Amino acid sequence: MNAPLDTGCRDTPVLRERGQREVFCGLTGIIWLHRKMQDAFFLVVGSRTCAHLLQSAAGVMIFAEPRFGTAILEEKDLAGMADANAELDREVARLLARRPDIKQLFLVGSCPSEVIKLDLSRAAERLSAQHGPKVRVLNYSGSGIETTFTEGEDACLAALVPSLPETQARELLLVGALPDVVEDQALDLLAQIGISPVRCLPARHAEDMPSIGPNTVYALTQPFAGDTHAALQRRGARRIPAPFPFGAEGTTLWLKAVAAEFGIAPEKVDQVVAAPRARAEKAIAAAATTLRGKRIFFMPDSQLELPLARFLTRECGMEAVEISTPYLHADLHGPELDLIAKGPVISEGQDVDLQLDRVRATRPDLTVCGLGLANPLEAEGLATKWAIELVFTPVHFYEQAGDLASLFARPLRRRDLLARQHPNRLEAAE
């Protein structure tokens, strides 16, 4: 079910806005990365506000010992009255003495550390020399000044790429952090198709990190990995262009693109995926009864907007009013744009007041946005979907396709229920 190129949105003029944004910062990516990389530790060099954000987002229990923490910058650090590097070295030594299981330590920059120009890249080199080879110390920025919340993962993976070993082997690399159960599903499908070995970035353990070389081909599973994509190309690796594996169609096209790279016929893929694809299509159809004909507006938040819009319009019968993304990477997102029928506004970046004006003017049935905008829009009688939930929930590949569709159907069903139970209240909001 491919749209002809002349009906897609690849050549649609892009509305580019550069104004006030409403997004989470890149520190949020630590919440899923620390679960994925089981012998890594993420040390945020920041303020107590950074610590509170992570603890709230992760729901950390007081008796839990997660694989992330915050090296607190106090007032004397911010005022230049203390040697922040000496304090950081002391905190890292204390952490590694207490946690001998740590094999990779990420120093994560935040707004406070970047404001005082603390050079975490030099700190990582210094600490790697002190604690290596047992512990590898890397750094990246999760600062809200520079990054939206999914860019934290991209920055982390891009920081890993230069340190990966060299190889001449022809291997497939899957790029993007997936929940373990979803990653296992993808690896099983690829093995059945006849593709092995397959490496993953990030790997679950430091010793399993992949090697990279000129014969490495890689398939992105996340549409926000632009910096990682560039870092892999600098190492000589080559990307397999494909739509992203969201929904039954997207997953099938992704698998066929990978299979074609290894000389495997599309008929072989169809044979292998027949049963899981049928299950996915049945699950999607159940949610599509609620979604079909509904109008959706994507505000820029997660960089998942384009593949999700493709999935919802082609497989669930929705109509996209505007598809906005923080950054539109023509190379990575081109296959998605080819499959989205002409019609919606395609926008990059955000001027939140202007975009809210367009939401209010078009009054879509569902607006996908960040937490800070959802409640005000709901108060105005507009149904919303939290963008952050789409990152924290397993949504890739066949077995999760029905859950993905249901995430969008749920707020519409809730709204219908409220309309029946409290019609006067809903009319007053509108």
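Not measured: the values here are computed from a predicted model.
- A side-chain donor-acceptor contact under 3.5 Å links S110 to the backbone of V45.
- Remark: R413 CZ is packed, more than 12 non-hydrogen atoms of other residues, nucleotides or ligands lying under 6.0 Å away.
- Under the 4.0 Å criterion applied to side-chain N and carboxylate O atoms, D180 and R35 are not assigned as salt-bridge partners.
- Contact annotation: the side chain of M37 approaches that of M209 to within less than 4.5 Å [non-hydrogen atoms, C-beta and beyond].
- Taking the side chain as every heavy atom from C-beta outward, C200 and L187 approach each other to under 4.5 Å.
- Proximity of a side-chain donor or acceptor of R415 to a complementary backbone N or O of G381 within less than 3.5 Å is detected.
- Judged as a side chain to side chain contact (heavy atoms under 4.5 Å, CB included), and not counting sequence neighbours, the contacts of A206 are D39, K103, Q104.
- Of the possible polar contacts, one joining the K342 side chain to the G8 backbone as a donor-acceptor pair under 3.5 Å is found.
- By the 30° and 60° cut-offs, the orientation of the rings of F246 relative to H396 is tilted.
- Taking all atoms of both residues into account, the shortest heavy-atom contact from V161 to R235 is O-NH1, 2.7 Å.
- Side-chain N or O atoms of E399 include none that pairs as donor or acceptor with a backbone N or O of V182 at under 3.5 Å.
- E153 has no carboxylate O lying under 4.0 Å from a charged side-chain N of K36, or vice versa, which leaves the two without a salt bridge.
- At a threshold of 4.0 Å, the pair E348-R18 counts as salt-bridged, since one of the basic side-chain nitrogens sits closer than that to a carboxylate oxygen.
- Residues R239 and L220 are in side-chain contact: their nearest non-hydrogen atoms beyond the backbone lie under 4.5 Å apart.
- For the residue pair D188/Q192, the side-chain donor-acceptor check at 3.5 Å is satisfied.
- Side-chain atoms of T384 do not come within 3.5 Å of backbone N or O of V368 as any donor-acceptor pair.
- For the pairing with F42, the ring-ring contact (aromatic ring centres under 6.0 Å, His included) check across F106, F68, W32 returns one residue only, F106.
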Query raised in the report: How far apart are the C-alpha atoms of L390 and F408, what are their side-chain angles, what is the distance that settles it, and do they pass the side-chain contact (heavy atoms from CB on, under 4.5 Å) test?
Result: CA-CA 10 Å; L390 301 164; F408 294 93; 3.7 Å; yes
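- Looking only at side-chain heavy atoms (C-beta outward), V359 and V321 stay at 4.5 Å or farther from each other.
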Query raised in the report: Step by step, would you call K282 with R279 a side-chain contact (heavy atoms from CB on, under 4.5 Å)?
Result: CA-CA 5 Å; K282 181 179 179 180; R279 289 195 299 271; 5.8 Å; no
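- Looking only at distances, no side-chain donor or acceptor of H229 sits under 3.5 Å from a matching main-chain atom of A225.
- Between the side chain of D154 and the backbone N or O of G226, at least one donor-acceptor pair lies under 3.5 Å.
- Judged by distance alone, the side chain of R10 and the main-chain N or O of D338 form no donor-acceptor pair under 3.5 Å.
- Shortest non-hydrogen contact noted between A219 and W254 is CB-CZ2, 3.6 Å.
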Requested in this report: Please assess L190 against L255 for the test side-chain contact (heavy atoms from CB on, under 4.5 Å), listing each intermediate value before the final yes or no.
Outcome: CA-CA 8 Å; L190 290 167; L255 288 168; 3.8 Å; yes
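- Interatomic distance, CD of E305 versus CD1 of I296, reported as 10.5 Å (0.5 Å rounding).
- The minimum heavy-atom distance between E315 and E249, with the atom names listed, is OE2-N, 3.1 Å.
- Considering all non-hydrogen atoms of both residues, I340 and A309 come closest at CD1-CB, 4.4 Å.
- No side-chain donor from either of S324 and Q350 sits under 3.5 Å from a side-chain acceptor of the other.
- Once rounded to the nearest 0.5 Å, the distance linking CD1 of I193 with CD1 of I264 reads 7.0 Å.
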Query raised in the report: So L356 and L377, side-chain contact (heavy atoms from CB on, under 4.5 Å) or not? Walk me through it.
Result: CA-CA 9 Å; L356 284 171; L377 290 175; 4.0 Å; yes
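- With sequence neighbours left out, L95 forms a side chain to side chain contact (heavy atoms under 4.5 Å, CB included) with F41, R98, R99, I102, L105.
- Closest heavy-atom contact between G293 and D365: O-OD2, 4.5 Å.
- With rounding to the nearest 0.5 Å, the separation of CD in Q222 from CG in L332 is 12.0 Å.
- No donor-acceptor distance shorter than 3.5 angstrom exists from the side chain of R199 to the backbone of E171, with no hydrogens or angles considered.
- Remark: side-chain polar atoms of S347 are not paired, donor with acceptor, to backbone N or O of L15 under 3.5 angstrom.
- Closest approach of S113 to L120, counting heavy atoms only: OG-CD1, 4.4 Å.
- Rounding to the nearest 0.5 Å places CD1 of I31 at 5.0 Å from CG of L54.
- Here CZ of F297 is found 4.5 Å from CD of Q355. Values are rounded to the nearest 0.5 Å.
- With 3.5 Å as the limit, one finds a donor-acceptor pair spanning the side chains of S163 and R136.
- Side-chain contact of E114 with S141: a donor-acceptor pair under 3.5 Å is present, judged by distance alone.
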